[in-house]
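Report on the structure given below.
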Amino acid sequence: MYCQSETKGWQDQGMTWIRFAWLTLTVAAVGLAVAVAGWPMYQITNCEVGALTPAVPTAQACNELMRDYFGTPLFFVLVVPVVVCTAPALYPLPRISWMAVGALVLAVVVGLVSVSSESPSPLAALCATIPLAAVAIVLAIVHHIVASHSSRMQLRTPR
């Protein structure tokens, strides 16, 4: 049998690693946001194949960086995945992890829909969150396993 202190220690250690993993994903989200802000507009439009639009009428506008083209609204869009990844690190509950997964998957869908629109939108930058969403799914699964294992251990522990 496990004693109370061993169970508590395992649970604390598991939650510490979950928090660390989510914080690492948050740092990755910051790095991704910085990288995406430096992408040229042709990453989210069809202008690189000569399909210039009224929103991106020239080759110069096609090569303009997203942060220069969109300005401050892009910052607000790119901070969303950072905040979403931070929440499970601050509140390490499995349901918060799953909410973060849902928010990141929704961000990917919004980004992909925005990329397919005719006029460029800062929301199109959210399509870059695909890797974050994939890692978040794995983290949420691990978090769920750790939490369910630790709750089973507490039930088996004599009081």
Side-chain angles (χ1 to χ4, degrees), residues 1-45 63-117 120-159:
M1 278 292 160
Y2 296 95
C3 71
Q4 185 95 19
S5 62
E6 287 176 7
T7 304
K8 183 72 173 152
W10 190 88
Q11 181 183 9
D12 289 345
Q13 186 179 24
M15 288 304 136
T16 300
W17 281 107
I18 293 296
R19 283 182 171 205
F20 178 75
W22 278 105
L23 284 174
T24 302
L25 192 61
T26 301
V27 170
V30 170
L32 185 65
V34 170
V36 169
W39 283 359
M41 284 300 292
Y42 64 75
Q43 293 286 349
I44 61 164
T45 63
N63 289 317
E64 190 174 5
L65 299 180
M66 288 176 61
R67 68 175 167 257
D68 297 333
Y69 186 88
F70 292 120
T72 305
L74 181 64
F75 166 79
F76 290 113
V77 168
L78 293 176
V79 81
V80 169
V82 174
V83 171
V84 167
C85 290
T86 304
L90 296 177
Y91 305 102
L93 301 170
R95 69 176 176 265
I96 302 294
S97 290
W98 286 113
M99 287 174 166
V101 166
L104 288 171
V105 169
L106 180 63
V108 168
V109 170
V110 167
L112 292 174
V113 168
S114 297
V115 164
S116 64
S117 70
S121 165
L123 293 175
L126 290 174
C127 66
T129 60
I130 292 171
L132 294 176
V135 173
I137 290 169
V138 173
L139 283 178
I141 291 169
V142 170
H143 193 170
H144 181 80
I145 291 168
V146 167
S148 65
H149 181 70
S150 64
S151 67
R152 271 187 278 157
M153 297 300 270
Q154 286 176 347
L155 291 175
R156 294 165 78 192
T157 304
R159 301 232 152 83

Quick check for you: to the nearest 0.5 Å, what is the distance between [X] atom [atom1] and [Y] atom [atom2]?
| X | Y | atom1 | atom2 | result |
| --- | --- | --- | --- | --- |
| I44 | S116 | CD1 | OG | 11.5 Å |
| L32 | L78 | CG | CG | 8.0 Å |
| L74 | M66 | CG | CE | 5.0 Å |

Could you pull out every donor-acceptor pair under 3.5 Å between side chains of residues 123-138 and any protein atom, sequence neighbours left out?
{"residue": "T129", "atom": "OG1", "partner": "L126", "partner atom": "O", "Å": "2.6"}

Please enumerate all residues that pass ring pair (Phe, Tyr, Trp, His ring centres under 6.0 Å) together with F20, with sequence neighbours excluded.
W17

Side-chain touch [X]/[Y], heavy atoms, less than 4.5 angstrom:
| X | Y | result |
| --- | --- | --- |
| I145 | V142 | no |
| L65 | D68 | yes |
| W98 | H144 | yes |
| N63 | M41 | no |
| P81 | L104 | yes |
| E64 | F70 | no |

S97: which residues meet the side-chain hydrogen bond (donor to acceptor under 3.5 Å, both in side chains) condition with it, sequence neighbours left out?
W22, H143

Is the backbone N or O of S114 less than 3.5 Å from a side-chain atom of S121, with the two atoms forming a donor-acceptor pair by type?
no

Heavy-atom pair of closest approach, residues C85 and P88:
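In this case the closest contact between C85 and P88 is O-CD, 3.4 Å.
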
